[in-house]
There are 2 protein chains.
Amino acid sequence: MADAFQPGNTAENTDPRVLRSRHMLMESLLRLLTRKEFADISIQEITDEATLNRATFYLHYPDKNALLQAMTAARFRDLIARRGLSFTDCDGALRAIALGVCDYLAETAGCPGQLAKMPLEGSIIPVVEGMFQEGAAKHTMVPGTDPKLLATTAAWAIFGAARRWYQTPDRIPAEEMAAKIEAMVKPIFLTASM
Amino acid sequence: MADAFQPGNTAENTDPRVLRSRHMLMESLLRLLTRKEFADISIQEITDEATLNRATFYLHYPDKNALLQAMTAARFRDLIARRGLSFTDCDGALRAIALGVCDYLAETAGCPGQLAKMPLEGSIIPVVEGMFQEGAAKHTMVPGTDPKLLATTAAWAIFGAARRWYQTPDRIPAEEMAAKIEAMVKPIFLTASM
DNA sequence: ATGTGTAAGCGACACTTGTCGATTTATTTG
DNA sequence: CAAATAAATCGACAAGTGTCGCTTACACAT
């Protein structure tokens, strides 16, 4: 079964060999992305750059997309962590998350040129979703409200808005965009929290 | 250049041959999807089922994903058109769109089993986006508001919510879900329209 | 109807993909 | 330290991908 595959399985795999392999694959892909488009990169190239065997790749990820998603999720998580997002001050959190998404798109995906067509939604959105669910634990909701649905909806809204911003030729500053996103997305939560 | 490729180019291509080929490719894929997962379908199979040559496929779509997206967009557009979405009554429009997305996911993507991992966002979201932009033309916005950004954000929010609903094991009725989505997404517009 | 343009068909090509069994190398456990 | 466990390597495989140049067949305008 393909579902038995769990590349993002961070827990219970401390074997230094697998950590090293996955890290090198991500680094390799990141380096290659500065020179070529994602679609033009073969798994052979990735493993060559990583000085690993091609078969080793398939020991960790089912395909190229899975590696991209794992890499993106890791890097985005890292960017958020570096900023020390404190979930206690809930007011700034939404804007900070929006800014994080904008910054990530601008700084990483922007490397080679315009590769906005990469399947990043599968990596960034779940992370944002998780952050909202963390934050939702601190709130009491009105009875009929599903916090997870709220988190999903907000995460997709933020990513969609940030993605449009990133694809725009003459972008406004990320901070400005984050403020706009906050203004749009905040009301989603207001209908539920009390 | 890959960007020169325009498979969704509905305008100015009335040659009955290309219309026929594209239609047969979509029909073929749709039939195959009732029997196999998307990932397990090869382009050879699609063209065989469509009684077309494999090379002809590449005359119309750069890859399998592009055909899926074109097919999905066409079918979703069709479903919306059959329901006669009147954009004049703006109140019901949002709920009707949400219901349309839910219904489409449930009825089409649900054919074989659970193929929720298909890249449908690239096909449904743009259509929803376009519908919102149509509707936005009838409204006056507050000065600093970008209608396109609003449309994008709402479209992503709706799709994300509907997607979560579709992936849920024991789903509530689509109508109920559409009402929930409407409640969440409506406030996005309220901050801008006046 | 006739000619020009363009789609569709055909076969072939170099290359990539995903998988396999068998072997070597590294890590952890006793 | 040695044995057991599991990852990494290697070579090879069938199958699929995307692209060519060439030929045939169809569509539209004159």
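In this text the structure is predicted, and so the values were computed from the model without any measurement. Only heavy atoms go into these numbers, but all of them, side chains included; no hydrogens, no water, no symmetry mates. Below, chains carry the letters A, B, ... as their sequence lines are ordered, and counting in each starts from 1.
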Worksheet item: Is a salt bridge present between Arg163(B) and Glu121(A), judged by a nitrogen-to-oxygen distance below 4.0 Å?
Response: no

Worksheet item: Looking for any heavy atom pair under 4.0 Å, which part of the strands does Thr47(B) touch: base, sugar-phosphate only, or nothing?
Response: nothing

Worksheet, complete the sentence: Minimal heavy-atom distance between Asn65(A) and Pro119(A), with the atoms involved, is OD1-CG, 2.6 Å

Discussion item. What does the B/S/- profile of nucleotides 23-30 of chain C look like, 5' to 3', with a 4.0 Å heavy-atom cutoff to protein?
Written reply: ---BSS--

Worksheet item: What is the distance from CG of Asp48(A) to P of dT17(C), rounded to the nearest Å?
Response: 12 Å

Worksheet item: Separation of Asp40(B) atom CG from dG16(D) atom C1', in whole Å?
Response: 13 Å

Worksheet item: Does Asn53(A) have a side-chain nitrogen or oxygen under 4.0 Å from the phosphate oxygens OP1 or OP2 of dC10(D)?
Response: yes

Discussion item. Let me confirm one number: the CE-CG distance from Met71(A) to Leu33(A), rounded to the nearest 0.5 Å.
Written reply: 5.5 Å

Worksheet item: Per the atom types in the model, does the base of dG11(C) pair as donor or acceptor with the side chain of Arg54(B) at under 3.5 Å?
Response: no

Worksheet item: Over how many whole Å does the gap from Asp63(A) atom CG to dG16(D) atom P extend?
Response: 17 Å

Worksheet, complete the sentence: Regarding the side chain of Ala55(A), the nearest nucleotide among dA8(C), dT9(D), dC10(C) is dT9(D)

Worksheet entry | N-O pairing of Glu45(B) and Arg35(B) below 4.0 Å | no

Fill in: Length of the CG-C1' vector between Asn65(B) and dG18(D), whole Å
15 Å

Fill in: Tyr58(A) OH to dA7(D) P, straight-line distance once rounded to whole Å
19 Å

Worksheet item: Between atom CG in Leu67(A) and atom C1' in dT17(C), what is the gap in whole Å?
Response: 15 Å

Worksheet entry | Taking every non-hydrogen atom, the tightest pair across His60(A) and Ser21(A) | NE2-CB, 3.6 Å

Fill in: Euclidean distance, atom CD of residue Gln44(A) to atom P of dG11(D) [Å, nearest integer]
12 Å

Item to complete: Give a yes or no on whether a salt bridge exists between Arg83(A) and Asp103(A), defined as a side-chain N under 4.0 angstrom from a carboxylate O.
Response: yes

Response to the item:
Whichever of Lys64(A) and Leu52(B) has the more 5' nearest nucleotide on DNA chain C, that residue is Leu52(B)

Discussion item. Please pick, from dG16(D), dA7(C), dA7(D), the nucleotide with the shortest atom-to-atom distance to any side-chain atom of Leu59(B).
Written reply: dA7(C)

Practice prompt. Round to a whole Å and report the spacing from CG of Leu19(B) to C1' of dA8(C).
Written response: 15 Å

Fill in: Result of checking Val101(A), Val128(A), Ile181(A) against Phe159(A) for side chain to side chain contact (heavy atoms under 4.5 Å, CB included)
Val101(A)

Fill in: Ser21(A) side-chain proximity, nearest of dA7(C), dA8(D), dC20(C)
dA8(D)

Practice prompt. Using a cut-off of strictly less than 4.0 Å, decide whether His60(B) has a side-chain nitrogen or oxygen near OP1 or OP2 of dA8(C).
Written response: yes

